[in-house]
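A short write-up of the structure that comes next.
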Amino acid sequence: MTTVMSASASAEETAAAVPAPVTMAAALNAALADSLAADDRVVVFGEDVGTLGGVFRITDGLASRFGERRVFDTPLAEAGIVGTAIGMAMNGLVPVVEMQFDAFAYPAFEQVTSHLAKLRNRTRGRLALPVVIRVPFGGGIGGVEHHSDSSEAYYTHTPGLRVVTPGTPADAYRLLRQAVACPDPVLFFEPKRRYWSRETAVLSVDGPPVDRAVVRRPGKDVTLIAYGGMVATALEAAAAALEEGWDVEVIDLRSLSPFDDQTLTASVRRTGRAVVVHEAAGFAGYGAEVAARLTEQCFHYLEAPILRVTGFDIPYPPPHLEKFHLPSTDRILDAIARLQWEGDNA
Amino acid sequence: MTTVMSASASAEETAAAVPAPVTMAAALNAALADSLAADDRVVVFGEDVGTLGGVFRITDGLASRFGERRVFDTPLAEAGIVGTAIGMAMNGLVPVVEMQFDAFAYPAFEQVTSHLAKLRNRTRGRLALPVVIRVPFGGGIGGVEHHSDSSEAYYTHTPGLRVVTPGTPADAYRLLRQAVACPDPVLFFEPKRRYWSRETAVLSVDGPPVDRAVVRRPGKDVTLIAYGGMVATALEAAAAALEEGWDVEVIDLRSLSPFDDQTLTASVRRTGRAVVVHEAAGFAGYGAEVAARLTEQCFHYLEAPILRVTGFDIPYPPPHLEKFHLPSTDRILDAIARLQWEGDNA
Amino acid sequence: MTTLAHPGETLSADGLLPSAAPLALIDADGRLTPEAAGELTLPAPGVLRELHRRMVLGRRFDTQATALTRQGRLAVYPSSRGQDACQVGAVLPLRDSDWLFPTYRDSVAVVTRGVPAEDVLALLRGDWHCGYDPYRYRVAPQCTPLATNTLHAVGLAHAARLQAKDQVALVMLGDGATSEGDTHEALNFAGVWKAPVVFLVQNNGYAISVPLAKQTAAPTLAAKGIGYGIPSLLIDGNDAAAVYSAVRVAVDRASAGGGPTLIEAVTYRIEAHTNADDATRYRSSDEVSTWLERDPIARLTAYLSARGLLDDAAAGRLAAEAERLADGVRERMNAESTVDPAELFEHVYAHPTAALERQRAALLAELQEQEPAS
Amino acid sequence: MTTLAHPGETLSADGLLPSAAPLALIDADGRLTPEAAGELTLPAPGVLRELHRRMVLGRRFDTQATALTRQGRLAVYPSSRGQDACQVGAVLPLRDSDWLFPTYRDSVAVVTRGVPAEDVLALLRGDWHCGYDPYRYRVAPQCTPLATNTLHAVGLAHAARLQAKDQVALVMLGDGATSEGDTHEALNFAGVWKAPVVFLVQNNGYAISVPLAKQTAAPTLAAKGIGYGIPSLLIDGNDAAAVYSAVRVAVDRASAGGGPTLIEAVTYRIEAHTNADDATRYRSSDEVSTWLERDPIARLTAYLSARGLLDDAAAGRLAAEAERLADGVRERMNAESTVDPAELFEHVYAHPTAALERQRAALLAELQEQEPAS
Ligand SMILES: Cc1ncc(C[n+]2csc(CCOP(=O)(O)OP(=O)(O)O)c2C)c(N)n1
Ligand SMILES: Cc1ncc(C[n+]2csc(CCOP(=O)(O)OP(=O)(O)O)c2C)c(N)n1
Ligand SMILES: [Mg+2]
Ligand SMILES: [Mg+2]
């Protein structure tokens with residue numbers, strides 16, 4: 001959280017910087033700073049995002065740099081935050097709000113599903129809501145109950161919302177800036193276990209657009225599909241798989257909704273095998289859509305059913321048990337092994 | 001809404017009745033009456049469920065028969081209804097609450113996901129919450145916006161909840177009584193377009209248990225999987241398919257969570273083809289789980305990918321357009337036709 | 001000991017409680033009330049005549065809409081008959097730059113704001129969700145999920161302040177909607193932000209079938225204001241002069257930087273909740289009769305007539321204007337609606353996604369296939 | 001005109017507003033307050049000594065827990081240091097049959113209710129979510145989603161009434177939690193149902209970093225009561241005698257069928273929000289010092305000593321008791337925790353589903369495979 005998030009760097013300065021190690025938290029902070037600097041209409045608000053800079057410090061320094069009219073604390077009420085964001089967007093602002101933890105976005109569920117997602121449609125396109133809701137999601141940080149949920153599936157099933165999640169620091173910057181610029185409401189899921197992961201990068205808004213998946217590692221034997229906090233895990237698994245003789249292609253979805261059929265279908269048709277990974281419970285989870293959809297589009301190319309490696313169908317467990325719950329490289333390798341390779345007699 | 005729902009019939013009387021035509025609304029009313037009569041701990045409450053008997057009249061006559069301590073109106077607040085139901089269940093009651101329409105359950109989302117679904121788990125099984133939340137769901141009744149949502153997928157993705165939905169009047173009675181008796185929290189989705197559909201039946205709690213799917217029509221060529229309001233549509237489609245030479249097996253899921261793998265897998269392995277139908281938007285909808293799961297379990301038996309016939313990925317449309325959105329028999333027949341039959345050159 | 005308080009606590013409740021009884025300017029018999037009406041002042045004669053005219057027109061629109069439900073021309077209609085003074089008194093004090101946030105019940109308010117009747121009825125006819133352009137009239141879509149619009153109003157109002165625009169948001173809600181969590185959050189945000197917003201609660205005594213006594217144990221709904229540091233007014237909601245004056249006071253205060261106001265207008269809905277409701281199940285005809293005697297239009301007619309501000313000729317012209325309005329509504333609602341299935345896929349996102357394009361193509365292909373058959 | 005009101009509206013606000021300043025019985029210097037303390041009465045000496053003892057024990061538990069976070073023995077700990085009078089004064093007036101609904105902040109209250117310290121800490125250590133049996137102690141699981149527990153308390157209390165059981169529910173919440181919609185809905189349901197429930201708001205001036213002035217514009221949080229027809233009390237939350245007495249009054253009223261009470265206790269959290277928080281980012285050390293001078297234990301110690309109700313010997317014995325408690329906590333928290341991965345699949349439903357059985361089997365197979373390797 002040093003160079004890049006420096007509160008005095010302008011958008012241009014940031015983009016022109018030489019490659020430097022940057023954490024995802026710093027990249028997100030820079031994206032917010034640069035969005036605020038680039039567009040007067042952008043406002044950032046939520047619980048503790050002002051003076052404190054957020055419990056994860058993602059908004060650190062923004063209130064002092066941009067002032068209390070642009071970056072401010074709200075009363076403690078999530079429906080209130082999203083509901084007022086809708087009204088502000090109606091009046092020409094571009095609100096970027098924070099839900100403190102994933103499970104604490106649930107009180108805003110009605111505002112999100114009945115209004116944020118639908119108002120453009122309900123008004124025949126006259127009322128646009130360029131709102132971004134930032135949601136730190138997922139586990140792996142030893143959080144006590146209600147602090148490690150993965151609720152992306154709820155929002156992906158809600159037409160009218162975009163659901164986006166970065167897997168790397170550079171992408172965190174790019175996707176958040178693109179989300180802020182996007183005329184549609186975006187649920188922006190930040191994998192909290194990766195906030196402090198570093199990457200050496202130049203932060204730039206250029207690159208693959210917000211609705212495209214990217215191949216993080218090309219491979220020919222099997223397509224491993226991941227997003228958010230699981231991208232790094234998938235890459236680890238791919239590295240380990242190589243030792244067992246599998247050349248794994250890793251795709252980072254980035255945009256969960258809409259889904260980038262093109263990139264995914266091309267990969268799976270090529271490899272003939274796929275595994276989807278996410279932390280959320282498997283049942284009726286987002287991976288089901290990925291599997292069902294790619295099976296429809298690639299049926300005759302598939303050598304084996306698309307498998308899912310997910311959290312169990314249980315409430316998120318307590319800290320001392322989370323390691324048993326979370327998808328691990330081992331569990332991903334197991335799934336790859338079950339993909340009915342030649343010579344198998346499965 | 002005549003014979004069966006008569007407020008004076010006791011559980012035994014109802015069960016002993018001779019077959020008679022009964023609507024789903026009447027069957028549900030009888031199930032509530034018989035549950036109240038059978039178990040002192042049962043209380044029924046919500047918006048307008050007392051004096052008015054509910055906007056769909058499902059609780060008609062219950063307040064006057066069982067009194068204001070058992071059946072009562074609440075202030076207008078859905079989180080309040082579910083949150084107090086949780087507290088009442090903690091203190092020995094069995095609350096059966098009504099959400100007036102599907103979309104109006106969203107304000108209760110946090111109480112449902114963070115507490116109702118999880119409290120048994122969080123307390124290591126010490127705190128059981130035998131709460132039933134009745135939710136009239138789906139469209140087809142010409143309702144204006146927010147009155148026709150299908151939100152079952154959200155709840156099926158939430159471990160700790162049971163999600164149940166009846167397709168016929170007799171099953172509405174049986175499943176609701178079983179749901180009330182169930183020690184787990186149950187989201188009970190009532191297909192409002194079928195409230196006034198009739199069936200000649202004896203209402204009885206006996207029969208397939210709450211967590212089993214049933215074969216509504218045996219067939220050998222293709223498995224058509226439906227639930228709630230789509231069961232009748234699926235049966236119509238099966239009848240029409242016969243004329244085109246397809247012998248369709250129709251399965252009524254009844255329990256969306258947990259999922260009855262056994263019944264479904266047996267059918268799909270036999271037929272080798274399947275179509276899932278629901279009103280809700282397809283993307284990340286419940287049908288994705290059905291398709292992904294059955295593909296995993298039946299991959300080598302499948303002649304074609306499992307197809308989904310669902311609502312489009314749009315907010316529920318206005319009355320004059322809903323017929324274009326809802327799965328129709330034609331659309332189901334189309335999907336069946338696309339299942340790569342011999343002689344096809346698809 | 002020194003007084004114990006955190007910064008922000010003022011400890012004094014002064015000036016934050018409503019009056020003990022609802023304030024009125026013109027009583028049910030059309031006479032000026034003898035009591036002091038607090039902050040309220042009688043509007044000028046021209047305003048009173050306009051309030052009267054808009055109520056007569058609004059009432060005619062309302063009865064026409066109810067009639068159209070019986071002919072199956074509207075899917076549903078929630079009448080505001082009896083609440084005419086609130087519908088009109090809420091809207092006339094608003095300036096062009098201000099915003100109105102109505103509910104499903106407030107079609108007459110929306111019409112009074114200038115939205116064409118047929119555009120208002122698009123929703124209830126079933127053609128589309130919101131039939132008008134919110135920006136053109138500065139009227140938010142009529143809101144069905146209860147109380148959710150209160151937060152939108154606060155957000156819009158706060159955004160106006162942040163951008164130094166002189167705009168006030170007026171949000172309408174019912175007695176039932178005050179029980180929802182969103183109302184609380186909206187009042188609280190408005191209080192903290194000193195947002196230029198006016199909350200107008202039409203307390204019509206019922207939320208569908210549930211009477212006020214089962215809705216709240218508060219002495220009055222206006223008494224909720226103090227809990228947010230928001231000044232409140234308790235008024236006779238069947239007195240258009242009082243509603244107009246109260247909203248005026250509130251809009252002026254908001255516009256001057258004085259923050260939000262909570263207004264409780266005590267009124268009654270004469271019709272059932274909607275045409276689909278059977279009100280006899282939960283209220284007596286005696287009760288309805290009592291309230292019919294407090295008719296908002298009759299009392300203003302009486303007042304204006306007694307003062308020579310409304311003669312028979314003017315009343316006749318107004319009746320004719322109302323009939324023309326009703327004719328127009330009837331005519332336009334009797335025309336077949338034209339809806340386009342392809343539009344289903346528009347307006348979901350700024351640009352249709354590839355998946356939506358595919359779904360549209362599939363639907364259009366399906367429709368084309370069916371055409372020759374039918 | 002006749003007074004316009006719907007059944008349910010009483011129009012009178014009498015007796016529903018809190019006092020102008022927080023009520024105290026014993027001031028910060030340990031002297032009886034000269035002012036009239038409203039409905040509050042000084043507890044008997046035995047009670048005062050017990051309040052003192054429990055505060056000393058609670059404080060020791062609390063500092064020990066904070067110390068354990070530094071050693072990595074607890075995942076997190078939200079300290080209630082400074083709020084000791086509320087923690088203890090809320091619990092001692094409760095009868096066995098009553099229920100306590102605490103938050104994450106209220107571990108000392110839960111310990112005071114009799115739950116073993118190590119069972120309380122299971123959550124914060126990371127072994128399981130709720131480490132105690134709620135029915136055994138009639139203590140709900142400590143609640144993290146803010147304000148949601150207020151509704152559970154109202155439901156439980158109403159169920160008691162429906163079943164004619166004499167039980168009162170006391171729910172604890174913070175100043176920040178009062179902003180959530182659930183608090184509003186809970187107060188409203190409680191008012192309408194006349195539920196035997198006590199709302200105890202510990203107003204410690206902050207919700208994490210957000211000060212009260214950004215949380216509400218209400219003159220006091222207690223002033224919210226009138227909006228629900230609920231009598232309220234504003235008290236000095238650092239005076240254990242006042243807290244005890246206020247809760248006592250409220251519990252008695254509830255038990256006698258008089259319905260709910262809202263109590264605002266003005267207090268301060270001396271530590272950061274949790275060990276993970278850095279409070280210097282949002283508050284001054286001066287402010288903390290001021291509140292350190294209002295220490296709840298010191299004032300009761302002073303009072304009891306001055307009256308000969310606490311001598312050095314007794315204080316010494318108490319200190320020793322507190323050390324023993326801390327030793328026990330340390331010892332048990334230093335032992336390795338034993339968690340069983342197979343338990344993950346229990347308690348999701350009354351009986352594990354077939355799918356959960358399969359998932360359990362898969363996990364156990366995986367663990368078995370790994371064993372020889374490691
Ligand atoms: C969140 C939500 N819950 C339930 C409903 C169903 N509903 C529609 S109107 C209504 C009663 C509203 O009463 P009130 O706020 O007093 O307004 P009124 O209809 O009397 O104008 C109810 C329960 C809804 N629209 N939204
Ligand atoms: C619904 C919800 N939103 C946000 C949070 C995150 N959070 C935990 S504690 C807290 C502040 C609570 O302040 P207050 O109610 O005053 O209690 P205190 O911590 O001061 O005791 C916040 C925002 C939460 N737990 N639940
Ligand atoms: Mg009403
Ligand atoms: Mg606090």
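In what follows, chains carry the letters A, B, and so on, assigned in the order in which the sequence lines appear, proteins first and then strands, with residues in each chain numbered from 1. Nothing here was measured: the structure is a model prediction, and the numbers come from that model.
Between chain A and the residues D/D175, D/T216, D/D127, the largest count of heavy-atom pairs under 4.5 Å involves D/D127. Most heavy-atom pairs under 4.5 Å with chain A, from the set D/A75, D/S179, D/C130, D/A362: that is D/S179. Interface check for chain D: of the options A/D73, A/L321, A/V144, the most heavy-atom pairs under 4.5 Å are formed by A/L321. When the candidates D/T148, D/I208, D/D277 are compared by the number of heavy-atom contacts under 4.5 Å with chain A, D/I208 comes out ahead.
To the nearest 0.5 angstrom, A/F283 atom CZ is 9.0 Å from D/T353 atom OG1. D/D340 contributes atom CG, which lies 14.5 Å from atom NE2 of A/H320 (distance to the nearest 0.5 angstrom). In this structure, CG on A/D330 lies 5.5 Å from CD on D/Q370, to the nearest 0.5 angstrom.
With a 4.5 angstrom heavy-atom cutoff, A/E78 touches chain D via backbone and side-chain atoms both. The parts of D/L344 that come within reach of chain A are both its backbone and its side chain, each placing non-hydrogen atoms under 4.5 angstrom from that chain. Within the 4.5 angstrom heavy-atom criterion, atoms from both the backbone and the side chain of D/R125 approach chain A. Proximity to chain A is limited to the side chain of D/E366, based on heavy atoms less than 4.5 angstrom apart. Heavy-atom distances place the side chain of A/F104, and not its backbone, under 4.5 Å from chain D. Interface residue D/Q142: only backbone heavy atoms are found under 4.5 Å from chain A. Of the two parts of D/L146, only the side chain, counted from C-beta on, holds a non-hydrogen atom closer than 4.5 Å to a non-hydrogen atom of chain A.
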**Q.** Intermediate values then yes/no, side chain to side chain contact (heavy atoms under 4.5 Å, CB included), A/E47 and D/V210
**A.** CA-CA 8 Å; A/E47 295 157 10; D/V210 180; 5.7 Å; no

(Q) Before you tell me yes or no, could you show the steps for A/H146 and D/T144 under side-chain hydrogen bond (donor to acceptor under 3.5 Å, both in side chains), namely the whole-Å CA-CA distance, both residues' side-chain angles and the distance that decides it to 0.1 Å? (A) CA-CA 7 Å; A/H146 310 291; D/T144 293; 5.3 Å; no

Q: Could you walk me through whether D/V348 and A/F312 pass side chain to side chain contact (heavy atoms under 4.5 Å, CB included), step by step?
A: CA-CA 11 Å; D/V348 182; A/F312 298 120; over 6 Å; no

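The residue from A/V55, A/L52, A/V49 that alone fulfils the side chain to side chain contact (heavy atoms under 4.5 Å, CB included) condition with D/S209 is A/L52.
Annotation for D/E357: atom CD counts as buried by contact number, over 12 foreign heavy atoms lying within 6.0 Å.
Across all non-hydrogen atoms, the minimal contact from A/P75 to D/K214 is CG-O, 3.6 Å. In terms of heavy-atom proximity, A/P107 sits nearest to D/E180 at CB-OE1, 4.4 Å. For D/G176 against A/L76, the heavy-atom pair with the smallest separation is O-CB, 3.5 Å.
Residues D/R281 and A/D48 fail the side-chain proximity criterion, which asks for heavy atoms closer than 4.5 Å. For the pair A/R331 and D/L363, the minimum side-chain heavy-atom distance is below 4.5 Å.
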